[in-house]
Amino acid sequence: MNLTNQKNVFLEVEDDIGTIYINRPEKRNALTYDMWLDLADLVDACNSNPEIKVIIFRSTTGKAFSAGADIGEFKTMRYTAEGAEKYNDATMVLEEKIAQSIKPSIAMISGFCVGGGCEIAVACDFRFSDSTGRFGITPAKLGLIYNTPGTKNLVDLVGPSNAKDILFTGRIINAEEAMQMGLINRMIEPVQLEQETYEFARLICQNAQMAVRGSKTIINKVLHGDVKDSEETAELVLQSFVSDDYREGVSAFLEKRKPNFNYR
């Protein structure tokens with residue numbers, strides 16, 4: 001980790017993994033409008049980089065993944081309908097880019113993961129938290145209404161009853177309860193969080209990326225109501241059977257060796 005990096009968000013690439021850091025520790029990684037825009041640009045950079053197979057979102061501090069929106073902007077750009085719309089558009093663009101990214105994403109969480117920070121985590125494919133994780137989405141405490149795409153992501157993840165609990169009360173949930181709700185995938189001791197998160201990412205990296213990305217595409221379509229193959233998904237399935245990765249996977253299985261997949 002480049003702890004000397006002065007940017008509020010930045011990307012590091014190593015071993016097929018693109019790590020997007022949130023780096024505003026003095027403000028518990030409170031998210032400004034510009035940070036939302038920059039995070040969206042970094043997701044685009046990960047998607048266009050053939051050396052990256054998995055994206056990990058994390059903090060440079062163990063105290064907070066992100067404590068939410070920067071309150072300093074509530075009385076500036078978010079204090080008018082026009083400014084609020086511009087800000088909300090930026091949050092929805094990032095959430096959509098994460099959810100629809102061709103590459104799997106993992107939120108690695110320590111400490112506070114609240115408001116906008118929780119929105120980012122919910123948009124990811126996986127959420128790994130240590131036991132210090134604290135979660136909440138708090139628009140009800142501010143007199144605000146959560147947007148439809150973000151609400152759908154939450155409902156898909158935890159179900160309507162738990163989503164109502166989270167949004168109606170705005171309460172802060174510890175990692176154990178978040179695990180019970182299905183808000184996080186794994187609860188890990190702090191000293192093991194980084195190791196287990198990156199081991200999981202490397203496990204995905206070892207597999208055929210055409211299969212991984214095709215599966216993500218189809219799962220997303222199922223979540224949006226598809227129950228049968230479209231022309232697009234049928235073509236994805238058929239193309240996998242004529243791909244170099246399929247030939248390599250079959251050969252490796254028959255030869256009892258690890259496959260060497262080349263698709264990026």
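Please read all numbers here as calculations on a predicted model, not as lab measurements. Below, all heavy atoms of this structure are taken into account, side chains as well, without hydrogens, waters or symmetry copies.
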Quiz item: Below 4.5 Å, heavy atoms only, C-beta onward: do I55 and I20 meet side chain to side chain?
Solution: yes
Practice problem: Kindly work out whether a path of hydrophobic side-chain contacts (I/L/V/M/F/W/Y, heavy atoms less than 4.5 Å apart) joins L154 to M181. | Solution: yes
Practice problem: Identify whether the distance between the nearest side-chain nitrogen and carboxylate oxygen of K86 and D89 falls below 4.0 Å. | Solution: no
Practice problem: For residues L31 and G116, report the shortest heavy-atom separation together with the two atoms involved. | Solution: CD1-C, 3.8 Å
Self-check item: Linked, directly or transitively: F57 and V13 (ILVMFWY side chains, under 4.5 Å)
Solution: yes
Quiz item: According to a 4.5 Å side-chain heavy-atom criterion applied to Ile, Leu, Val, Met, Phe, Trp and Tyr, with indirect links allowed, do V43 and F65 form part of one hydrophobic cluster?
Solution: yes
Quiz item: Does the side chain of S129 reach to within under 4.5 Å of the side chain of M187, using non-hydrogen atoms?
Solution: no
Self-check item: Check: N8 side chain, R24 main-chain N or O, donor-acceptor pair, under 3.5 Å
Solution: no
Exercise. Report the C-alpha distance between K216 and S101 in whole Å, list the side-chain angles of each, state the deciding distance to 0.1 Å, and finish with yes or no for side-chain contact (heavy atoms from CB on, under 4.5 Å).
Key: CA-CA 9 Å; K216 177 169 178 176; S101 167; 4.1 Å; yes
Quiz item: Is D70 salt-bridged to K27, cutoff N-O under 4.0 Å?
Solution: no
Quiz item: Hey, what do you get for CE (M35) to CG (N23), rounding to the nearest 0.5 Å?
Solution: 8.0 Å
Quiz prompt | C113 to A121 - nearest heavy-atom pair and separation | solution = SG-CB, 3.8 Å
Self-check item: Donor-acceptor pair, side chain of D130 and main chain of I188, under 3.5 angstrom
Solution: no
Quiz prompt | Minimum heavy-atom distance between L11 and A45, given as atom pair plus value | solution = CD2-CB, 4.3 Å
Quiz item: In terms of hydrophobic clustering (I, L, V, M, F, W, Y; side-chain heavy atoms under 4.5 Å; direct or indirect links), are L37 and Y87 co-clustered?
Solution: yes
Quiz prompt | Distance, nearest 0.5 Å, that separates CG of L42 from CG of L94 | solution = 9.5 Å
Quiz prompt | Intermediate values then yes/no, side-chain contact (heavy atoms from CB on, under 4.5 Å), K53 and V212 | solution = CA-CA 10 Å; K53 296 179 180 178; V212 170; over 6 Å; no
Quiz prompt | From L144 atom CG to I137 atom CD1, the distance as rounded to the nearest 0.5 Å | solution = 13.0 Å
Quiz item: Is there a side-chain contact between I120 and L39 (heavy atoms, below 4.5 Å)?
Solution: yes
Quiz item: Side chains of T32 and D34: donor-acceptor distance under 3.5 Å anywhere?
Solution: no
Quiz prompt | Whether N162 side chain and V158 backbone form a donor-acceptor pair below 3.5 Å | solution = yes
Practice problem: Answer whether the closest heavy-atom distance between the side chains of T197 and L193 falls below 4.5 Å. | Solution: yes
Quiz item: Got a sec, which pairs hit salt bridge (Lys or Arg N to Asp or Glu O under 4.0 Å) with one end in residues 156-176, sequence neighbours left out?
Solution: K152-D156, D165-R171, R171-E177
Quiz item: When you look at CD of E14, are more than 12 heavy atoms from neighbouring residues, nucleotides or ligands closer to it than 6.0 Å?
Solution: no
Quiz item: Side chains of R134 and I173: does their closest heavy-atom pair fall under 4.5 Å?
Solution: no
Quiz item: Quick one: are V114 and T138 in side-chain contact, heavy atoms under 4.5 Å?
Solution: yes
Quiz item: Can you tell me if CD on E231 sees more than 12 non-hydrogen neighbours from other groups inside 6.0 Å?
Solution: no
Quiz prompt | Side chain Q209, main chain N207, donor-acceptor under 3.5 Å | solution = yes
Exercise. Give a yes or no answer on whether the side chain of S110 reaches the backbone of K63 with a donor-acceptor pair at less than 3.5 Å.
Key: no
Quiz prompt | Reported CG-to-NZ distance for the pair D41 and K97, which is rounded to 0.5 angstrom | solution = 7.5 Å
Quiz prompt | Nearest heavy atoms of I172 and G136, plus distance in Å | solution = CD1-CA, 4.2 Å
Quiz item: Any luck finding a side-chain donor-acceptor pair between S66 and N29 under 3.5 Å?
Solution: no
Self-check item: Where S59 and A64 come nearest, the two heavy atoms and their spacing
Solution: OG-O, 2.8 Å
Quiz item: Does the pair I106 and D125 meet the rule for a side-chain contact (heavy atoms from CB on, under 4.5 Å), with working shown?
Solution: CA-CA 6 Å; I106 307 169; D125 296 303; over 6 Å; no
Quiz item: Is any side-chain heavy atom of L183 less than 4.5 Å from a side-chain heavy atom of V122?
Solution: yes
Exercise. Answer whether the closest heavy-atom distance between the side chains of Y21 and R58 falls below 4.5 Å.
Key: yes
Practice problem: For the pair E12 (side chain) and T19 (backbone), establish whether a donor and an acceptor sit closer than 3.5 Å, ignoring hydrogens and angles. | Solution: no
Quiz item: Do I204 and I56 belong to the same hydrophobic cluster, where Ile, Leu, Val, Met, Phe, Trp and Tyr are linked whenever their side-chain heavy atoms lie under 4.5 Å apart, directly or via other members?
Solution: yes
Quiz item: Please, which pairs that meet ring pair (Phe, Tyr, Trp, His ring centres under 6.0 Å) have at least one residue in residues 113-142, sequence neighbours excluded?
Solution: F126-F200, F128-F200
Self-check item: Set of salt bridge (charged side-chain N to carboxylate O under 4.0 Å, His left out) partners for K221, sequence neighbours left out
Solution: E232
Quiz prompt | Other residues, nucleotides, ligands: >12 heavy atoms within 6.0 Å of R28 CZ | solution = no
Self-check item: side-chain contact (heavy atoms from CB on, under 4.5 Å) between K103 and V54, worked out
Solution: CA-CA 6 Å; K103 300 179 181 181; V54 175; over 6 Å; no
Quiz item: Counting only heavy atoms not in L254, do more than 12 sit closer than 6.0 Å to its CG atom?
Solution: yes
Practice problem: In plain terms, say whether R202 and D15 are close enough for a salt bridge, that is, a side-chain N and a carboxylate O under 4.0 Å apart. | Solution: no
Quiz item: Hey, what do you get for CG (D226) to NE2 (H224), rounding to the nearest 0.5 Å?
Solution: 9.5 Å
Quiz item: Which heavy atom in A163 sits nearest to a heavy atom in V155, and how many Å separate them?
Solution: CB-CG2, 3.8 Å
Quiz item: Which value, rounded to the nearest 0.5 Å, describes the distance between S131 atom OG and Q192 atom CD?
Solution: 10.0 Å
